[in-house]
Amino acid sequence: DAPVARPPVPGAGDDAPPTHAASAFSSNGPDRSKAGVGASLPFGPGASPRASKSLADFGMLAAACHRAGRRRDEAIAHYCTGVLLDNQGLPARANVAYERMLQAALHCGDARARAVAHNHLGVNLHALGQFGGALESHKLHAEVADTAGKFVAFVNVGLAHAELGEHAEAAEAHQQALRLAIRTSSQQGESLACANLALAGRGVGDLEMARSCMERRVQLAAALKDTKAEAEGLKALGRLAVEAGDLEQAGAHFEQAVSAAEADELALNEAKVELGVNNGQVGFEEWMAAHFADGQGEPTATPRVDTFGF
């Protein structure tokens with residue numbers, strides 16, 4: 001699957017907690033969009049003293065705000081609790097905090113807080129394998145989010161549908177995401193939506209749509225100088241060509257992937273493996289053709305590279 005990087009929190013790194021409470025629901029606040037991606041805090045997994053103290057502090061703050069009728073501040077405190085628990089690898093417990101955040105947001109009518117809560121709930125439900133629940137959360141996120149948030153929500157709706165084996169619905173959701181990316185002139189968003197739509201197209205057996213979307217993904221990745229995405233897209237095109245039986249074209253794509261991935265050692269090695277497997281298959285098929293050309297019988301099966309998944 002293809003992830004979306006969530007927007008950075010103002011004044012902090014991409015994965016840092018908000019520098020102050022008010023930034024939690026800012027227009028470019030932490031909309032997490034790829035299932036399983038948690039907020040990264042300065043401490044690692046496990047309950048460090050700092051984490052435990054912070055959890056206790058936010059718990060007391062949320063209770064105090066609730067008693068005082070300050071429901072928006074309560075929502076922010078629950079949000080911070082959820083982020084801390086996510087960082088410790090406890091998505092189920094984090095979702096308890098996000099549910100409380102949602103209730104506080106509903107009480108005070110804060111649509112942005114509702115959007116953030118639905119997004120975080122959906123991300124964690126997806127990570128927990130509860131794809132039906134994740135789908136519902138992402139749909140609710142789409143209902144209340146702004147344009148950027150709707151893009152994230154539709155990407156996640158598509159990913160959840162795909163996990164449920166509902167590839168036609170996944171394709172429809174990714175088409176919605178693509179329209180939003182084009183409307184807002186977001187090349188990064190369009191690139192991601194095209195990659196996801198290619199996967200959905202392959203899921204419904206439309207290899208032509210998958211190829212066209214992945215070609216667009218490669219073009220955009222090259223324009224954005226995203227060499228990793230470009231190499232991955234070229235490898236995906238190679239695999240699609242293998243599935244279509246065009247090994248010559250597949251080889252060309254894998255060679256291009258090797259060139260694109262030269263700056264990334266891991267991507268380069270993966271691309272070389274793909275190229276080697278493809279060339280090996282081409283050589284084997286040439287041998288088969290020569291071996292059976294003299295009427296020595298027909299092969300009972302054609303060897304095939306396993307190409308499931310991009």
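Note that this is a predicted model, so its numbers are computed, not measured.
One distance of note links CG of N156 with NZ of K139; it measures 13.0 Å at 0.5 Å rounding. Expressed to the nearest 0.5 Å, how far CZ of R211 lies from CG of L240 amounts to 9.0 Å. Expressed to the nearest 0.5 Å, how far SG of C65 lies from CZ of R72 amounts to 11.5 Å. Expressed to the nearest 0.5 Å, how far CG of L90 lies from CG of D86 amounts to 8.5 Å. One distance of note links SG of C194 with CD1 of I182; it measures 7.0 Å at 0.5 Å rounding. Considering CD of E74 and CG of L61, their distance stands at 9.5 Å, rounded to 0.5 Å.
K228 has no carboxylate O lying under 4.0 Å from a charged side-chain N of E232, or vice versa, which leaves the two without a salt bridge. Using a cut-off of 4.0 Å between Lys/Arg side-chain N and Asp/Glu carboxylate O, E230 and K225 are scored as not salt-bridged.
Residues passing the side-chain contact (heavy atoms from CB on, under 4.5 Å) test with L140, sequence neighbours excluded: H118, E143. Remark: Q188 engages S186, L224 in a side-chain contact (heavy atoms from CB on, under 4.5 Å) (not counting sequence neighbours).
For the residue pair Y98 / N119, no side-chain donor-acceptor distance below 3.5 Å is found, with atom types taken as modelled. In summary, the side chains of H253 and Q249 do present a donor paired with an acceptor at a separation below 3.5 Å, with no hydrogens or angles considered.
For the residue pair A168 and V204, the shortest heavy atom distance occurs at N-CG1, 3.6 Å. Nearest heavy-atom pair across A257 and A231 is CB-O, 3.8 Å. For the residue pair A62 and H78, the shortest heavy atom distance occurs at CB-CE1, 3.5 Å. Closest heavy-atom contact between A94 and G82: CB-O, 3.4 Å. Across all their heavy atoms, C108 and R71 have their closest contact at CB-CB, 3.9 Å. The shortest heavy-atom contact between A170 and G158 is CB-O, 3.4 Å.
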Practice task
Give the C-alpha distance, both sets of side-chain angles, the deciding distance and a yes or no for side-chain hydrogen bond (donor to acceptor under 3.5 Å, both in side chains) between E166 and H161.
Solution key: CA-CA 5 Å; E166 299 166 351; H161 274 305; 2.6 Å; yes

Practice task
Test side chain to side chain contact (heavy atoms under 4.5 Å, CB included) on Q175 and F154 and set out the steps.
Solution key: CA-CA 9 Å; Q175 286 172 352; F154 280 123; over 6 Å; no

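Remark: E172 CD is loosely packed, at most 12 non-hydrogen atoms of other residues, nucleotides or ligands lying under 6.0 Å away. Other residues, nucleotides and ligands contribute over 12 non-hydrogen atoms within 6.0 Å of the CZ atom of R179.
Within the 3.5 Å criterion, the main-chain N or O of V116 finds a donor-acceptor partner in the side chain of H120.
L207 and M209 fall into different hydrophobic clusters, defined by Ile, Leu, Val, Met, Phe, Trp and Tyr side-chain heavy atoms under 4.5 Å apart, directly or through other members. Under a hydrophobic-cluster definition in which Ile, Leu, Val, Met, Phe, Trp and Tyr are linked whenever side-chain heavy atoms come within less than 4.5 Å, directly or via other members, L180 and L159 are assigned to the same cluster. When the side chains of ILVMFWY residues are joined at heavy-atom separations under 4.5 Å, either directly or via intervening members, V83 and L121 end up in a single hydrophobic cluster.
The closest side-chain heavy-atom distance from S212 to R216 is not below 4.5 Å.
Hydrophobic side-chain contacts under 4.5 Å tie F131 into a cluster, directly or through other members, with L135, V157, L164.
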